[in-house]
Amino acid sequence: MKFSDMPYARPDAEAVKAQLAALTERLKNAASYEEARAVFLEKEEDQRHVNTMGTLASIRHSIDTRDAFYDDEIKFWNAFGPELQEYTQAWTAAMLSSPYRADFAAEYGDLMFINAEIELKTFSPEIIPELQKENDLTQEYEKLLASAQIPFEGKTYTLSQLTPLKSCDDDVRRLAAWKAEGQWYKDNQPRLDAIYDELVHLRDTMGKKLGYEGYTTLGYYRMGRNCYTKEDVERFRAAVQKYLVPVAEDICREQARRLGKEYPLSFADAALKFRSGNPRPVGTPDDILAQGRKFYDELSPETSRFFRAMLEGEMLDVLSTEGKQSGGYCTELPDYRMPFIFANFNGTQGDVEVVTHEAGHAFASWMNIDRIPGEYVWPSMEACEVHSMSMEFFAWPWAGGFFGADERKFLYSHLADNVTFIPYGTMVDHFQHIVYEQPDLTPAQRHAEWKRLLGIYMPWMKLDGDIPFYSEGEGWQRQHHIYSSPFYYIDYCLAQTVALEFWAMIQTDRADAWDHYMAYTRQGGSRTFTELLQNAGLDSPFEESCLRGVCAAARRWLADFDLTGIE
């Protein structure tokens with residue numbers, strides 16, 4: 001079925017809760033494993049349908065945040081989700097205490113119980129009001145960004161539509177675009193500060209109501225962290241500072257030399273990779289999707305079937321339009337056994353990365369869509385990002401079809417950007433730890449912390465300048481995850497490190513690298529992150545040797561890459 005034909009109907013909230021309560025009682029009273037298993041499978045099917053309706057509402061709302069019908073539906077789901085969680089937790093408790101737990105584990109694996117024990121630590125009916133308010137505030141943040149109307153050169157732009165102008169090769173125009181964007185954030189800063197301040201205190205309250213020191217422990221549980229700790233993340237951050245920051249500094253010094261700019265770089269100049277302009281895709285959005293189809297057709301039989309199904313089912317919405325939520329994501333519609341990709345094409349190399357990155361997520365979902373339990377379709381967040389970030393590198397042999405004459409520009413800047421991203425992403429994580437350890441920081445103090453961390457993780461950035469929003473340490477307010485998905489960012493950095501492992505393998509033997517990728521992907525979410533890596537013959541990013549090795553390989557490749565004739 002095509003996405004446009006998929007019917008949506010708001011579920012009867014009380015009926016859903018009553019059905020789940022009844023299933024929970026039947027599970028408790030099951031006289032045999034066969035009976036308990038039948039109840040479990042019935043609950044799985046019910047959950048698929050409820051999840052599908054919630055996801056349809058969410059997608060259609062993000063496609064047009066001005067749509068009054070779906071705006072109301074999102075308000076319903078924001079209130080209903082936390083209410084349903086109480087019933088979900090009762091089911092989870094019944095599964096954990098079931099006399100047939102060993103039978104379930106033998107058939108479906110023990111991870112569902114490990115995750116269930118973590119899930120029970122994230123909720124109490126006492127925090128329902130905070131959860132509902134949290135949903136409302138994150139929705140307000142997204143709607144505020146989607147509503148942006150930025151005047152520039154006599155026209156009006158959304159944040160996404162302005163993005164290409166922030167990397168144009170005209171120095172004056174590029175700086176003006178950065179200033180225009182920064183001014184919009186400054187104009188809306190009182191509300192951005194207030195939303196985040198309220199979110200931080202809400203989350204701190206939830207953590208304390210559940211018996212934790214504040215939000216950090218709860219945040220790790222909510223992220224489903226089941227195989228590494230805060231201390232592991234701290235060691236990773238230290239390794240990033242030791243190995244990656246120096247490589248990234250070299251990349252940015254060379255960038256400044258190419259551009260004829262002073263080092264450290266201003267925020268506007270850092271956005272320009274080459275004096276002659278950044279790599280840009282050739283052709284229309286339809287051309288990019290057609291080249292994506294060629295890439296997936298030739299990569300493997302599985303990817304060919306997957307991407308053709310996505311196109312035929314209208315499971316990609318990629319054009320940037322008025323009222324559309326900014327950013328991009330991949331989700332799934334369980335009733336239809338299909339993933340869905342949401343994005344905002346804007347004429348930059350990011351358009352190609354949608355077809356590779358988000359489709360990497362979608363391919364992993366498509367490969368595992370029939371898994372039982374449904375939670376095994378996706379692994380934990382950092383494991384999911386390996387699928388997407390690595391797929392970007394597998395697309396390199398097809399870069400000419402995406403970028404034409406800019407192919408070499410793309411290859412160089414893509415690797416360079418992936419290396420320099422990890423310090424930024426690690427800084428986002430470090431910032432969030434500081435915020436939730438000190439929830440009473442004022443907005444000004446939070447901005448000062450961000451500026452301080454910039455000096456540690458991104459010393460190639462000029463910390464004074466003529467774009468106040470950035471130079472005053474406020475740029476973190478552009479990062480959606482900080483508002484809506486706390487502690488979901490180090491996941492990208494861990495995954496990027498693994499993706500660089502794949503990149504290094506591809507340079508030696510692409511077929512062998514693909515075999516490792518499929519070995520990783522076929523496991524779905526049936527194993528923890530570190531187990532997925534081990535089973536696929538990959539190193540863990542928590543091992544210092546992993547980061548040291550990929551840094552050395554990337555440094556050599558970038559130094560030797562031929563940029564002759566490219567300004």
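Here the structure is a predicted model, which is why all the values come from computation and not from measurement.
- In this structure, Lys261 places its NZ atom where more than 12 heavy-atom neighbours from other residues, nucleotides or ligands lie under 6.0 Å away.
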Tell me which donor-acceptor pairs under 3.5 Å the side chains of residues 410-418 have, and how far apart each pair is, sequence neighbours excluded?
| unit_1 | atom_1 | unit_2 | atom_2 | d |
| --- | --- | --- | --- | --- |
| Ser413 | OG | Lys409 | O | 2.9 |
| Ser413 | OG | Phe410 | O | 3.3 |
| His414 | ND1 | Trp396 | NE1 | 2.8 |
| His414 | NE2 | Glu392 | OE1 | 2.7 |
| His414 | NE2 | Asn418 | ND2 | 3.2 |
| Asp417 | OD1 | Lys273 | NZ | 3.3 |
| Asn418 | OD1 | Gln496 | NE2 | 2.9 |
| Asn418 | ND2 | His414 | O | 2.6 |

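- Proximity of the aromatic rings of His516 and Phe502 is defined here by a centroid distance below 6.0 angstrom, and this criterion is not met.
- The structure places CH2 of Trp460 at 10.5 Å from CG of Leu265, a figure rounded to the nearest 0.5 Å.
- Annotation for Arg527: atom CZ does not count as buried by contact number, only 12 or fewer foreign heavy atoms lying within 6.0 Å.
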Check the pair Thr564, Asp562 against side-chain hydrogen bond (donor to acceptor under 3.5 Å, both in side chains), reporting the backbone distance first and the verdict last. CA-CA 6 Å; Thr564 303; Asp562 182 12; 2.4 Å; yes
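- Considering every non-hydrogen atom in both Gly374 and Glu44, the closest pair reads N-OE1, 2.6 Å.
- Considering CD1 of Ile74 and NZ of Lys143, their distance stands at 10.0 Å, rounded to 0.5 Å.
- Contacts of Thr163 classified as side chain to side chain contact (heavy atoms under 4.5 Å, CB included), with partners at least two apart in sequence or in another chain: Asn346.
- Residues passing the side chain to side chain contact (heavy atoms under 4.5 Å, CB included) test with Asp250, sequence neighbours excluded: Arg555.
- Between Glu567 and Arg258, no side-chain nitrogen of the basic residue sits less than 4.0 Å from a carboxylate oxygen of the acidic one, so the salt-bridge criterion is not met.
- Here the closest heavy-atom approach between residue Glu142 and residue Ser484 is recorded as OE2-OG, 4.1 Å.
- Side chain of Glu358 to backbone of Glu353: no donor-acceptor contact under 3.5 angstrom is found.
- The aromatic rings of Trp514 and Tyr517 sit parallel to each other, their planes meeting at less than 30°, with 60° as the upper class boundary.
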Step-by-step side chain to side chain contact (heavy atoms under 4.5 Å, CB included) determination, Thr156 to Ile150: CA-CA 5 Å; Thr156 302; Ile150 303 171; 5.9 Å; no
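- His61 pairs by the ring-ring contact (aromatic ring centres under 6.0 Å, His included) definition with nothing, not counting sequence neighbours.
- When only modelled atom types and interatomic distance are considered, Glu385 and Ser388 share a side-chain donor-acceptor pair under 3.5 Å.
- Pairing each heavy atom of Gln291 with each of Gly401, the nearest pair is NE2-CA, 3.4 Å.
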What's the verdict on side chain to side chain contact (heavy atoms under 4.5 Å, CB included) for Ile482 and Tyr141, showing C-alpha distance, side-chain angles and the deciding distance? CA-CA 11 Å; Ile482 293 177; Tyr141 169 76; over 6 Å; no
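- Between the side chains of Arg48 and Asn51, no donor N or O sits under 3.5 Å from an acceptor N or O.
- Sequence neighbours left out, not one pair with a member in residues 150-173 passes ring-ring contact (aromatic ring centres under 6.0 Å, His included).
- Side-chain N/O atoms of Thr426 and Asp429 include no donor and acceptor closer than 3.5 Å.
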Show me the side-chain donor-acceptor pairs of residues 335-342 shorter than 3.5 Å, one per line, residues at least two apart or across chains.
| unit_1 | atom_1 | unit_2 | atom_2 | d |
| --- | --- | --- | --- | --- |
| Asp335 | OD2 | His49 | ND1 | 2.7 |
| Arg337 | NE | Asp370 | OD1 | 2.9 |
| Arg337 | NH1 | Pro334 | O | 2.8 |

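- Legend: ring-ring contact (aromatic ring centres under 6.0 Å, His included) pairs involving residues 254-302, not counting sequence neighbours, sorted by first then second residue: Phe267-Tyr470, Phe295-Trp398, Tyr296-Phe306, Tyr296-Phe307.
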For residues 537-547, please give each side-chain donor-acceptor pair under 3.5 Å, one per line with the distance, not counting sequence neighbours.
| unit_1 | atom_1 | unit_2 | atom_2 | d |
| --- | --- | --- | --- | --- |
| Ser540 | OG | Phe542 | N | 3.1 |
| Glu544 | OE2 | Lys242 | NZ | 3.1 |
| Glu544 | OE2 | Tyr243 | OH | 2.4 |

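- Put simply, the side chain of Asp5 never gets that close to the backbone of Met1: no donor and acceptor are under 3.5 Å apart.
- Comment: Arg280 does not engage Asp406 in a salt bridge, judged by the lack of any side-chain N to carboxylate O separation of less than 4.0 angstrom.
- Results of the salt bridge (Lys or Arg N to Asp or Glu O under 4.0 Å) test with Arg275 over Asp171, Asp269, Asp169 single out Asp171 as the only residue that passes.
- No hydrogens or angles considered: nothing links the side chains of Thr52 and Thr55 as a donor-acceptor pair under 3.5 Å.
- Of all heavy-atom pairs between Ala554 and Val419, the closest is CB-CG2, 4.0 Å.
- Across Ala271 and Lys166, no two heavy atoms sit closer than the pair CB-O, 3.4 Å.
- Sorted by first and then second residue, the pairs that involve residues 300-324 and meet salt bridge (charged side-chain N to carboxylate O under 4.0 Å, His left out), not counting sequence neighbours, are Asp297-Arg308, Glu302-Arg522, Asp317-Lys324.
- Partners of Ala383 according to the side chain to side chain contact (heavy atoms under 4.5 Å, CB included) rule, which considers only residues two or more places apart in sequence or in another chain, are Pro379, Ser380, Tyr520, Phe529, Leu532.
- Looking only at atom types and distance, the side chain of Tyr376 has no donor-acceptor partner in the side chain of Gln523 under 3.5 Å away.
- For Glu153, the salt bridge (Lys or Arg N to Asp or Glu O under 4.0 Å) partners two or more places apart in sequence, or in a different chain, are Arg173.
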Side chain to side chain contact (heavy atoms under 4.5 Å, CB included), that's the test. Do Glu382 and Ile490 meet it? Break it down for me. CA-CA 8 Å; Glu382 70 292 297; Ile490 198 67; over 6 Å; no
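- Annotation: the span from Phe394 atom CZ to Thr303 atom OG1 amounts to 11.0 Å, rounded to 0.5 Å.
- Ring orientation note: the planes of His357 and His361 are nearly perpendicular, at an angle over 60° on the 30°/60° scale.
- Using modelled atom types and a 3.5 Å distance limit, the side chains of Tyr489 and Gln432 yield no donor-acceptor pair.
- Taken to the nearest 0.5 Å, the CD atom of Gln149 stands 11.5 Å off from the CG atom of Leu162.
- Here the straight-line distance linking atom CD1 of Ile566 with atom CZ of Arg408 works out to 3.5 Å at 0.5 Å rounding.
- Separating the OG atom in Ser526 from the CD1 atom in Ile372 is a distance of 13.5 Å, to the nearest 0.5 Å.
- At least one donor-acceptor pair closer than 3.5 Å links the side chain of Glu531 to the backbone N or O of Thr528.
- For the residue pair Tyr329 / Ser62, a side-chain donor-acceptor distance below 3.5 Å is found, with atom types taken as modelled.
- Phe345 approaches Ser320 most closely through the heavy-atom pair O-CB, 3.3 Å.
- Remark: Met223 engages Arg225, Met381, Phe487, Tyr488, Asp491 in a side chain to side chain contact (heavy atoms under 4.5 Å, CB included) (not counting sequence neighbours).
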